[in-house]
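Down below is the structure, laid out as structure tokens.
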Amino acid sequence: MTLLPYLVAGWIFLVGLYGLVTSRNLIHAVGCLAVTQSSTYVLLLAIGYRDGGTAPVFADIPTDARVVDPVVQALTLTDVVVGATVTALLLALVIQLHKRHGTVDPDELSELKG
Amino acid sequence: MTRRGRLLLFLIAATVTTVLLVGAFVELPDFGTNFHPYGDRAVHAALEHRTANAVASVNFDQRALDTLVEETILFAAVLGAVVLLRQVTGERRRPPRPARVSPAIRRLGVLLLPVALLVGLYVVAHGQLTPGGGFQGGVVVATALHLLYVAADYRALERIRPLGPYEVGDVVGEAAYVVTGLAAMLGGSTFLANVLPWGTLGTLTSGGTVVVLNAAVGMEVACGVVVLLATFLDQVVEIDEESDGARPGTGESR
Amino acid sequence: MTDPLIAVALVLVAVTATAAVLNREPLRQALVLSFLGLALTLLFVFVQAPDVALSQLAVGSALTPLMIVLTVRKVARATPARHAPEEDDAHDQDGEADR
Amino acid sequence: MNIARLLPLVVVVPLLGAAVLAVGGRRLPRIASDVVSVAFAATSAALALVALAGGAHGAPYVIDWVGGWRPGPGGEGVGIVLAGDPMSLGLTAFTSLLVVAVLVYSWRYFEEPPRRRSGSFPALILLFQAGMCGFCLTGDLFNSFVFFELMGVVAYALTGFRVEERRPLQGAMAFGLVNSLGGYAMLLGIALLYARTGELGLAQIGRQLDGRSPDAVVLAAFVLVSAGLLVKAAAVPFHFWLPDAHAVAPTPVCMLLSGVMVELGVFGVTRLYWTVFAGPGGVPHEAATRTLVTVGVLTALVGAVMSWRQRHLKRLLAFSTVAHVGLFLIGVGVLSPEGTAGTAIYVLAHGGVKAALFACTGILLDRYASVDEKELHGRARELPLTGALYMLGGLALCGMPPFGTSLGKAVAEESAGHTGHWLTAVFVVVSAVTGGAVLRAGLRVFAGTGPRTYDDDAPGGARVPGDEGPETGTRLRRIPVTMLTVPAVLLAAALAAGLVPQWAAGAGSAAHLFAAHDIYASAVLDGQTAPAAGAAPAHWNTAGVLLGLLSTALGAGLAVLGARRPRGAVTERLLAPLRRLQSGHVGDYVAWAVAGLALLALLAAPGTLTSP
């Protein structure tokens with residue numbers, strides 16, 4: 001259990017990369033990029049976890065309660081936004097690419113390029 | 001490279017990377033460790049500023065600069081997507097076909113829309129107290145508006161969603177964040193300092209500038225995501241490629 | 001202890017992530033991505049990160065898949081109108097290489 | 001008012017400008033939005049210069065804790081610090097000034113900007129400026145990741161800006177995917193450092209690492225974070241995105257991408273190494289030198305060879321940027337203050353020269369709708385002024401004294417020579433080859449040297465050259481004054497970088513402060529700054545001048561030879577594999593990026609894991 005969260009993060013990172021390398025469709029590739037990014041969420045939150053801690057929100061818990069690390073959560077929040085915006089921009093590029101080239105297959109695109 | 005060659009290169013490289021990562025993971029502090037020096041200090045600082053949600057305190061107070069840049073990234077992405085998906089010469093607009101929507105779905109949508117909007121606004125407003133905040137609430141509000149697309153049809157959506165004000169709202173949200181930070185400087189403090197009264201822990205107005213920055217982010221995210229989704233929808237529903245007799249740009253009809 | 005729950009959620013995340021990569025058809029991938037978003041949300045709830053769970057729910061399982069679906073629809077609709085190949089050739093002299 | 005308070009403004013002013021343009025851009029006439037954008041960019045540049053001057057007189061470090069979250073004794077805090085030392089402030093000022101130049105240059109660009117969005121191009125440029133300045137100034141690792149992503153997001157959009165064309169999109173796509181991956185690798189590394197030290201500030205992490213011996217966590221963090229930054233720097237084998245993106249991005253954007261953004265990646269790696277990993281608990285100097293110099297040499301050679309092979313001028317310049325990044329990596333990789341000082345001058349002068357060369361190429365594109373060396377053969381004889389500027393830029397790129405490129409190269413190569421004599425040769429050969437490639441293309445385009453081969457393979461010569469639409473809407477008849485003034489001014493600045501002794505002295509002391517582990521931490525955390533005593537100014541010497549003349553002569557000779565005779569089939573065949581790697585396939589590029597990660601790990605591991 002002590003290693004599982006880290007290993008899962010590493011696995012997601014590599015499996016996302018595998019998807020990117022073997023992708024036959026740029027939309028799929030953008031999806032794989034989103035997968036790759038989720039590895040960072042898992043790693044960050046795993047690092048910030050504290051056994052027996054509760055969420056760092058002092059709405060109805062005493063102020064000296066044992067809580068998990070709020071900093072990694074803030075970082076992950078930022079990361080989520082970054083991921084969504086990058087996805088949006090890349091998908092916009094995919095739409096235009098398809099309009100101009102009629103394909104979203106990297107193999108065909110690379111042949112077009114010569 | 002051939003597909004085989006590419007995969008081979010990747011597999012060799014990935015093996016080395018796996019060794020690198022696993023080697024590091026083994027030596028990391030155990031999952032659930034008690035070693036969180038920055039986290040402990042952040043909790044302390046959050047309580048000092050009477051912000052019940054320590055994550056909100058980190059986001060909007062202690063590391064407010066991160067969030068400013070994050071919002072700027074969203075701002076840039078919206079601007080970028082609008083520019084990339086603009087209607088170019090040779091493309092024409094096609095009036096959207098009115099869609100047939102079953103009455104049941106329509107009723108559900110009409111019912112859900114206000115609920116979703118309320119939930120979104122609630123999540124924004126309580127950002128410094130409970131989980132949630134400007135970003136999460138903003139996305140909910142923006143997505144809720146697009147329930148109309150499902151529930152009614154595209155034209156109904158366009159009626160309540162004239163894009164101009166949302167584009168302005170996106171900018172205003174971003175500018176409000178910056179101006180709040182600058183106002184602290186004018187008051188003789190540093191950029192983005194939490195200069196407002198902190199209030200009492202656990203009340204709606206506690207946390208000082210956290211409330212203001214949170215609201216600014218909520219506004220920017222809601223408007224920005226609306227514009228973003230609208231730009232994509234516009235491509236899907238309205239903009240047609242140089243199909244028959246490309247009429248160069250029939251003007252932007254929104 | 002929430003440990004077993006965390007472990008289950010972790011395994012779920014790993015499985016859905018793998019499935020999202022292996023589903024090469026974009027529409028199906030969007031659906032699986034949305035499951036990945038839900039699995040991550042669950043994991044974040046268990047590791048006591050409700051803030052992140054909320055935004056993951058909004059972004060990972062709604063916004064991102066929605067944008068992918070819209071892109072797929074646009075791309076699928078436009079596919080018959082492919083550019084004629086000779087036009088591609090005319091545009092193909094990419095000065096990068098001289099042959 | 002305390003000068004440190006100005007630091008956030010350097011970043012914030014362009015943000016406000018972007019907001020103004022995004023709202024007002026739809027109503028303002030074109031000229032007004034141009035003026036507004038230049039005003040905001042120039043204000044930020046002025047602020048950076050004031051901070052630089054103020055810092056140079058008093059304490060050299062300008063420190064501002066954003067939000068007033070000053071840490072307690074021992075450096076235990078929760079806030080983000082903006083830390084301007086002479087090096088980062090100088091780079092910030094240079095970035096902002098280049099942005100101003102680019103905005104002025106693009107006054108005539110996009111005669112028909114996107115309807116109702118005439119403000120969007122300058123707004124994006126201002127956001128780009130904010131991202132780059134923030135990246136220079138921040139003293140916090142996660143914050144620098146966020147700025148890294150801001151630069152990236154804006155740059156993808158700017159690269160794909162001309163959606164009417166076909167190729168910009170492909171370049172932007174490869175750029176976006178590979179850079180995002182780099183960002184995520186960097187973030188994984190940041191997470192590892194956070195787990196190990198419980199800190200996010202550069203100075204704090206460095207201090208925490210000092211107290212322990214290096215282990216696999218430190219190694220992995222170094223590899224991951226460096227990989228992210230080296231993707232931005234376009235180091236081999238992370239470089240594939242750069243030529244694809246630069247060849248297609250609008251010319252003003254190329255000026256910024258090549259002139260400064262790529263160099264910021266080198267800056268980032270150097271800053272990261274010195275502040276975080278240079279202590280006893282980090283990566284030993286030998287391991288770091290081995291890593292950076294190996295990658296640098298590979299990058300320099302690949303860039304030089306590939307740039308010689310191009311006939312598409314923008315691609316040629318893009319590969320020449322790759323080659324120079326390699327030289328910069330060698331310069332900072334030898335880990336001496338002199339090497340860093342030389343590289344600093346080299347980067348500034350190269351930025352000016354490269355931007356000027358792109359500006360000249362942009363004029364060709366707008367007049368002839370082509371930037372192909374063969375298509376343009378001799379046609380640009382009617383542009384003597386542009387030609388003169390272009391050739392001067394080519395000579396400066398070769399390292400001709402007294403340009404700043406020559407001074408920087410001389411100082412850096414002398415320092416690199418202490419690590420290995422052959423490194424000096426790399427500097428000479430690489431700058432000669434890339435400069436020679438630029439000159440060769442110039443001779444053919446502006447003077448019509450050599451046989452005109454192109455007509456043979458064009459059917460009937462009736463083909464309209466190029467699918468590259470001019471970026472000014474219609475083809476230019478007269479070259480606007482601004483489009484010529486900007487490259488002239490940029491070249492003059494590159495010349496001044498070599499001639500003004502104060503600049504060289506400033507670079508010397510800045511590098512002394514920059515290339516040191518403890519000085520940064522004590523300045524940021526304890527507020528104590530060691531004076532830059534004993535810093536040797538970067539200065540000309542006979543060997544440097546002679547080597548500069550040698551590389552210029554070599555470059556000129558190569559150019560004349562290359563322009564006169566067509567390429568030999570043998571070299572062609574030898575280099576074919578290298579060319580094929582640049583396939584435009586994103587899957588390939590990602591695979592190479594992972595290979596780069598593995599390469600860095602293998603290079604950095606010996607010494608890091610085994611040291612006592």
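The basis for the numbers below is simple: all heavy atoms, side chains too, and nothing from hydrogens, waters or symmetry mates. Letters A, B, ... mirror the listed sequences (proteins, then strands); counts begin at 1. This is a predicted model, so every value here is computed, not measured.
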Check D:G160 against A:L93 and note the closest heavy-atom contact, atom names and distance. CA-CD2, 4.5 Å
I want to check something: taking the side chain as every heavy atom from C-beta on, are A:L44 and D:Y194 in contact at a cut-off of under 4.5 Å? no
Proximity breakdown for D:V594 and chain A, heavy-atom pairs closer than 4.5 Å: side chain
So which of A:L89, A:T87, A:T36, A:V86 actually passes side chain to side chain contact (heavy atoms under 4.5 Å, CB included) with D:S180? A:V86
Contact origin within D:V146 toward chain A - heavy atom pairs under 4.5 Å: side chain
To the nearest 0.5 Å, atom CG of D:L224 lies from atom CZ of A:F13 at 6.5 Å
So which heavy atom on D:A191 is nearest to which on A:I47, and how close? O-CD1, 3.2 Å
Atom pair CG (D:L188) and OG1 (A:T40), whose distance is rounded to the nearest 0.5 Å: 6.5 Å
D:L200 versus chain A, heavy atoms under 4.5 Å apart: side chain, backbone, both or neither? side chain
Would you call D:F145 and A:T78 a side-chain contact if the rule is heavy atoms closer than 4.5 Å? no
Shortest non-hydrogen separation from A:L90 to D:M173 and the atoms involved: O-SD, 4.1 Å
Under 4.5 Å heavy-atom distance to chain D, tell me which part of A:T22 shows up: side chain, backbone, both or neither. neither
Value for CG (D:L187) from CG (A:L75), rounded to nearest 0.5 Å, stands at 7.5 Å
Got more than 12 heavy atoms from elsewhere within 6.0 Å of CH2, D:W65? yes
Pick from A:L26, A:L109, A:L20: which one makes a side chain to side chain contact (heavy atoms under 4.5 Å, CB included) with D:V586? A:L26
